[in-house]
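Basis for what follows: all heavy atoms, side chains included, without hydrogens, waters or symmetry-related copies. Start at 1 and go down the list; that is how both ligands and their atoms are numbered. In what follows, residues are counted from 1 in the order of the sequence shown. Keep in mind that what you see is a predicted model, and the values were worked out from it rather than measured.
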Amino acid sequence: MVAMQTLTPHVYWAQRHAELYLRVELSDTKNLDISLQENNTLQFRAQGHGAKGDNEYEFSLEFLEPVRPEISHKSTQRQVDIKIRKQEERWWDRLTLQEKKPLFLAPDFDRWLDESDAEMELQAKEEEKINRISVESRVRKDPYIGLKRGYLFMYNLVQFLGFSWIFVNMTVRLFILGQDSFYDTFHTTADMMYFCQMMAVLEVVNPLLGLVKTGFFPAMIQVAGRNVILFVIFGCLEDMQNKPVVFFVFYLWSTIEIFRYPFYMLACIGTDWKLLTWLRYSLWIPLYPLGVLAEAVAVIQSLPIFDETRLFSIPLPAVLGNSISFSYTLQLYLILMFLGLFINFRHLYKQRKRRYRSRKRKVQ
Ligand SMILES: CCCCCCCCCCCCC/C=C/C(=O)SCCNC(=O)CCNC(=O)[C@H](O)C(C)(C)COP(=O)(O)OP(=O)(O)OC[C@H]1O[C@@H](n2cnc3c(N)ncnc32)[C@H](O)[C@@H]1OP(=O)(O)O
């Protein structure tokens, strides 16, 4: 039997503010003995396969500054990884007390960071920890989160089904009847549109109750704006109900909603489909101005009807004349509509920018 000689393995090192990492190039190690001597020196001894074949290998390193006695290590088929905690968290100029670097020791470039990079890594870890804690505490603080998500999911599902029904109904009729379908859109779809728009009042209530992060004001403009058109202009004037403008208004409303509500449904279960998100945050760019234009046409077409029928006109004392036609209120409303368009267009533009900015940051 040949007696084994004692040799020194290749050792690679790197540090962070709080830790030291050593990688010992020895495979298939046996009889591993790693200890910290009283003079702050690491003693390593093991049998294994290193640069000089199967042998006993050993080395010792006296550290530059005190380290903690607990040493953790992990031996894999290829190497032994050792982790040592520094007594004080600070950056060391070198690893060993002796100034001249031992020949077997070299930097571990796989792990190597200079001081500023290590600080940034530390900062990123801190931020991640703070974020995790704040998310966990938010979740822990709200015992009704499941109930809220369930309610929002159901609300969005019902709206999605309602608007899909309207959209599909109108599309099928358009294919079968062509332009003739423009004239009876109201009679075939109004009930469902009434239902969806009445439900949409919850869209104003939800942000008030803190259930969604939507701004109250944009939601109010949206819901109130549509309800004026649906309930006042179309609902109260029979003469408006068979006009083609109803088709365009309903079609534009339902086109955006068949993408917006499924997007919210997925958000409720923490899922995100790229194409759907893109459609939710892009389709409004052409649809919103077109929708408001169609609504403006409806308002303008209704003015002579209100003048003629005197519906909702405000009675005046005999000396001032008969009454003020509701058409004057609607003319004022026309101005408000374009103001509302501007406010919501800006809001949706910001939401789009925020969504794509935060996604980009997550990818980096
Ligand atoms: C007398 C009355 C006077 C009133 C004056 C009114 C003047 C009116 C003029 C304007 C008329 C408008 C008429 C409308 C016409 C049309 O609709 S035309 C068709 C095209 N339309 C659109 O594209 C608009 C669609 N509508 C919307 O987008 C919204 O209603 C909105 C309020 C305008 C904007 O949505 P908002 O919720 O603020 O943005 P999001 O980014 O989607 O959501 C923010 C976060 O909240 C979460 N969330 C919101 N709702 C829900 C929900 N129901 N369920 C689950 N989650 C929800 C959402 O996921 C976002 O979360 P984060 O991603 O985590 O931020």
Side-chain angles (χ1 to χ4, degrees), residues 135 138 145 148-160 163 166-167 193 196-197 199-233 248-273 276-299 312 326 329-330 332-359 362:
V135 169
R138 220 182 307 143
I145 189 95
K148 286 178 184 173
R149 288 220 182 111
Y151 152 74
L152 283 175
F153 187 87
M154 286 312 293
Y155 167 74
N156 294 318
L157 177 65
V158 171
Q159 288 286 37
F160 169 62
F163 278 106
I166 297 170
F167 183 82
M193 191 57 96
C196 291
Q197 276 308 124
M199 290 268 296
V201 173
L202 289 175
E203 238 145 273
V204 184
V205 177
N206 291 341
L208 281 179
L209 298 178
L211 296 177
V212 294
K213 284 181 266 169
T214 318
F216 162 77
F217 203 56
M220 207 275 290
I221 290 179
Q222 166 82 14
V223 174
R226 278 191 188 178
N227 284 353
V228 168
I229 302 297
L230 180 64
F231 293 103
V232 180
I233 309 287
F248 293 101
V249 170
F250 283 14
Y251 214 60
L252 287 163
W253 288 357
S254 53
T255 308
I256 192 74
E257 305 306 34
I258 57 172
F259 296 106
R260 186 163 72 102
Y261 288 112
F263 163 80
Y264 289 152
M265 276 156 68
L266 290 188
C268 291
I269 52 170
T271 310
D272 175 22
W273 290 348
L276 187 62
T277 305
W278 184 84
L279 288 168
R280 190 273 168 274
Y281 284 107
S282 307
L283 273 184
W284 60 268
I285 301 172
L287 294 189
Y288 215 106
L290 283 177
V292 173
L293 190 69
E295 289 175 21
V297 170
V299 173
F312 304 134
F326 185 61
T329 316
L330 285 180
L332 193 72
Y333 177 73
L334 267 177
I335 302 169
L336 281 184
M337 269 177 79
F338 288 95
L339 193 68
L341 168 70
F342 171 75
I343 294 173
N344 271 8
F345 210 85
R346 209 178 57 156
H347 172 76
L348 282 163
Y349 174 73
K350 276 191 195 158
Q351 295 289 67
R352 186 178 204 279
K353 237 171 66 179
R354 182 184 64 107
R355 162 71 44 166
Y356 283 101
R357 199 193 314 121
S358 59
R359 276 166 68 88
K362 269 179 209 161

Under a plain distance cut-off of 3.5 Å, with no hydrogens placed, do Q222 and Y288 share a side-chain donor-acceptor pair?
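Looking only at side-chain atoms, Q222 and Y288 do form a donor-acceptor pair, the distance falling under 3.5 Å.
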Whether the R355 and T277 side chains hold a donor-acceptor pair (N or O, under 3.5 Å, no angle test) is what I'd like checked.
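The answer is no; no qualifying pair exists.
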Hey, is [atom] touched by any protein heavy atom at less than 4.0 Å?
atom                    : result
atom 60 (C) of ligand 1 : no
atom 3 (C) of ligand 1  : no
atom 11 (C) of ligand 1 : yes

Checking a contact table here: which protein heavy atom is nearest atom 15 (C) of ligand 1, and how many Å away?
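Ranking protein heavy atoms by distance from atom 15 (C) of ligand 1, first comes E295 OE2, 3.1 Å.
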Identify, for atom 62 (P) of ligand 1, the protein heavy atom at the shortest distance, and state residue, atom and that distance.
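For atom 62 (P) of ligand 1, the nearest protein heavy atom is K213 NZ, 3.7 Å.
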Are any side-chain N or O atoms of N156 and backbone N or O atoms of Y261, one a donor and one an acceptor, separated by less than 3.5 Å?
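Checked: no pair found.
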Can you tell me if R352 uses its side chain to pair, donor with acceptor, with the backbone of Y281 under 3.5 Å?
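Yes, the answer is positive, given that a donor and an acceptor are paired below the 3.5 Å cut-off.
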What are the atoms of ligand 1, with element, lying closer than 4.0 Å to any heavy atom of L252?
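Close to L252: 19 (C).
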So does M199 have more than 12 non-hydrogen atoms from other groups sitting under 6.0 Å from CE?
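Above 12, so yes.
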Polar atom proximity, W253 to ligand 1 (N or O, under 3.5 Å):
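Not met; the criterion fails.
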